[in-house]
Amino acid sequence: MSITNYLKRIFIYPIKYTANGHYKMVLIVRSDIAMGKGKTAAQCAHAAVECYRQISVNTKYKSIYESWLVQGQPKVVLRTSNEQHLLNLAQSAYKSGLIVSIIRDAGKTQLQPGTISTLGIGPGPTELIDDLTSNLKLL
């Protein structure tokens, strides 16, 4: 992370949401665990629904929630190489004031119970989320 991005993150907290800002949600999937396409889609859906639930009930995020809905609920699915990197991203996002959802699998199909599979971040300001995730590749 560049010093510029680090300073932005320090001075942005708490996030100032505006009705004319650009917002998105990112879903980050671990690439080091074996999941079929359907399982991956289900884990992403769990993360998206949990992020949506958190933002929709929190009045602090009302304007971003409404703007994100009007903008078509932009979402991007990315991949990360391991659990530790996923957890580091979650911590950075949380410290930046973003909505965070860590998905632990129930272990009923392909994964062991408690396996961390997916991270949801946002909806939040596109620029702030990009500062955290721009080095990740699309899934």
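When each of E50, H46, M25, R53 is tested with S101 by the rule side-chain contact (heavy atoms from CB on, under 4.5 Å), just one qualifies, namely E50. Under the side-chain contact (heavy atoms from CB on, under 4.5 Å) rule, C44 has a single partner from V49, I103, V29, which is V29. Checking T80, V76, V77, I102 one by one against I28, the side-chain contact (heavy atoms from CB on, under 4.5 Å) holds for a single residue, T80.
Across R79 and L139, no two heavy atoms sit closer than the pair CB-CD1, 4.0 Å. Of all heavy-atom pairs spanning S92 and L132, the tightest one is CB-CD2, 3.7 Å. The two atoms that bring V100 and A93 nearest to each other are CG2-CB, 3.7 Å, heavy atoms only. Closest approach of Y23 and Q71 over heavy atoms only: N-OE1, 3.1 Å. Pairing each heavy atom of G124 with each of I64, the nearest pair is CA-CD1, 3.2 Å. Nearest heavy-atom pair across I116 and I33 is O-CD1, 4.1 Å.
A donor-acceptor contact shorter than 3.5 Å is absent between the side chain of R104 and the backbone of S117.
Linking Ile, Leu, Val, Met, Phe, Trp and Tyr residues whenever their side-chain heavy atoms come within less than 4.5 Å places I129 and Y94 in a single cluster. Clustering ILVMFWY residues whenever any of their side-chain heavy atoms sit less than 4.5 angstrom apart, transitively, puts L89 in the very cluster that holds L138.
The side-chain heavy atoms of E83 and L87, taken from C-beta on, include a pair separated by under 4.5 Å. By the 4.5 Å heavy-atom criterion applied to side chains, S96 and L128 are counted as neighbours.
For S56, the side-chain contact (heavy atoms from CB on, under 4.5 Å) partners at least two apart in sequence or on another chain are Y52, Y65.
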Would you check, one step at a time, whether the test side-chain hydrogen bond (donor to acceptor under 3.5 Å, both in side chains) holds for Q84 with N88?
CA-CA 6 Å; Q84 190 57 53; N88 290 343; 3.0 Å; yes

